[in-house]
Structures are given as C-alpha cells and as structure tokens.
Asker: 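Supplied in structure tokens, the structure appears directly below.
In this chain, residues are counted from 1 in sequence order.
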Amino acid sequence: MIYFIILLESVLIMFWIDIEYDTSETYNTTMIINPQSYSTSKYNALDIVGNDILIFDKIPDEEKLSIWLNSPLNKEMLTYSPNIQIMEDFFNDRVEDNGKFKNSFINYMRETHDEYVGTLITKEAFDEKISNPTSFLVSNY
C-alpha cells in the first residue's frame, strides 16, 4: 500500500510540473525558426525549454551592455524586481558570457540592491538604475 501511495504522489507531482512548466509542450518548426524575440538579434538563441538566451561568448565587452539593454530579456528580468536572487538567477540562466561583463553586471545589481535595502533609493530608482546602468558604465568600461 505504501508503494502505491508513493507512486501516486510521484505521478501527481509529474503532472503538476508538466502543467506548471509546460514540459510536454511540443514546438513546431515555425516557432523555433521564427519566435518574435529570436529574430530581433543575432545574439539570441533558444535554450532547451524554448527560453530566449543571449550568447555573448565571442563579442567584445564594450558591446555587451548595449546588446543587453536593447534585449527584451532586460525588461523581462525587471518583472522580478526587487527580488535580487530571482533576478540574478534569471541573468545567470539567460546570458552566456565568457568575459567579465556577466560578473560585473551581477555585482552592479547587488550593489544597487544594497542601496535599495538600505533605503537609500526607492524601488522605482532601483528599477531605473538596473534598466539604465550609467554608473555601471563608468565603473566598468
């Protein structure tokens, strides 16, 4: 009886994961070849579950920030504001970079979040600093 209950719970969890995250979603070729954000940039790609990601591996560091700021991923990340952990996870998962940009930008987000937590800036100012990082430009390039 206990094995039946464990099996039943496992099946229910698998169905919940499938419904919540669309893991059984099948993509037709038009969706893979021509999703809306995929066609906007030659730096975009799709990960295994169909999320847009930015590939910065062979791009000079000077260009990465402007590509990030013009990417729809920048706006999508701000929907998780001010939860810095989710924002960092999103950035880590959706940006592939072999240079210093990724680590520098995460440090910038943490510093800006510290200002927010310390009540030096408002949530609106936090969002503005993350979406238009002028001090990041000065300190890192």
Asker: Is it true that, when you exclude K123 itself, more than 12 heavy atoms of the residues, nucleotides or ligands shown sit nearer than 6.0 Å to its NZ?
Answerer: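 Above 12, so yes.
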Asker: Any heavy-atom pair between the side chains of I130 and M77 that's under 4.5 Å?
Answerer: yes
Asker: With distance as the sole test, does S71 use its side chain to make a donor-acceptor pair with the main-chain N or O of I67 at under 3.5 Å?
Answerer: no
Asker: Could you state whether W68 and I59 fall into the same hydrophobic cluster, counting links through intermediate Ile, Leu, Val, Met, Phe, Trp or Tyr residues with side-chain heavy atoms under 4.5 angstrom apart?
Answerer: yes
Asker: Is any side-chain heavy atom of E115 closer than 4.5 Å to a side-chain heavy atom of F126?
Answerer: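 When only atoms from C-beta onward are counted, F126 and E115 do not touch, as no gap falls below 4.5 Å.
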Asker: Please say yes or no: joined through hydrophobic side-chain contacts below 4.5 Å, possibly via intermediate residues, are L46 and I55 part of one cluster?
Answerer: no
Asker: Enter the distance from Q85:CD to R110:CZ here, rounded to the nearest 0.5 Å.
Answerer: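 If I round to the nearest 0.5 Å, the distance is 8.0 Å.
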Asker: Can you give me the closest heavy-atom contact between V95 and K102, atom names plus distance?
Answerer: O-NZ, 2.6 Å
Asker: Find the distance between CG (L120) and CG (D114) and round it off to the nearest 0.5 Å.
Answerer: 9.5 Å
Asker: Under a single-linkage definition using a 4.5 Å side-chain heavy-atom cutoff for Ile, Leu, Val, Met, Phe, Trp and Tyr, are M109 and L65 assigned to the same hydrophobic cluster?
Answerer: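 Same hydrophobic cluster.
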Asker: Any donor-acceptor pair under 3.5 Å linking the side-chain atoms of N107 with those of E111?
Answerer: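 Looking only at side-chain atoms, N107 and E111 do not form any donor-acceptor pair under 3.5 Å.
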Asker: Nearest 0.5 angstrom please: L73 CG to N44 CG, how far?
Answerer: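 So the gap between those two atoms works out to 6.5 Å.
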Asker: Distance check, rounded to the nearest 0.5 Å: I121 atom CD1 versus E128 atom CD?
Answerer: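 Here the rounded value is 10.5 Å.
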Asker: Would you give the length of the straight line joining atom CD1 of I5 to atom CG of L8, rounded to the nearest 0.5 angstrom?
Answerer: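 Reported value, rounded in 0.5 Å steps: 8.0 Å.
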Asker: Do L69 and Y108 share a hydrophobic cluster (ILVMFWY, side-chain heavy atoms under 4.5 Å, transitive)?
Answerer: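 L69 and Y108: one cluster.
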Asker: Considering only heavy atoms from C-beta outward, does the side chain of H113 approach that of M87 to under 4.5 Å?
Answerer: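 No; the side chains remain at least 4.5 Å from each other.
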Asker: Is there a donor-acceptor pair closer than 3.5 Å between any side-chain N or O of Y116 and the backbone N or O of A125?
Answerer: no
Asker: Tell me, please, which residues at least two apart from F56 pass ring-ring contact (aromatic ring centres under 6.0 Å, His included).
Answerer: F101
Asker: Using 0.5 Å steps for rounding, measure from the CZ atom of F105 to the CG atom of N92.
Answerer: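 These two atoms lie 12.0 Å from each other.
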Asker: Using 30° and 60° as the class boundaries, would you call the ring planes of Y80 and F90 parallel, tilted or perpendicular?
Answerer: tilted
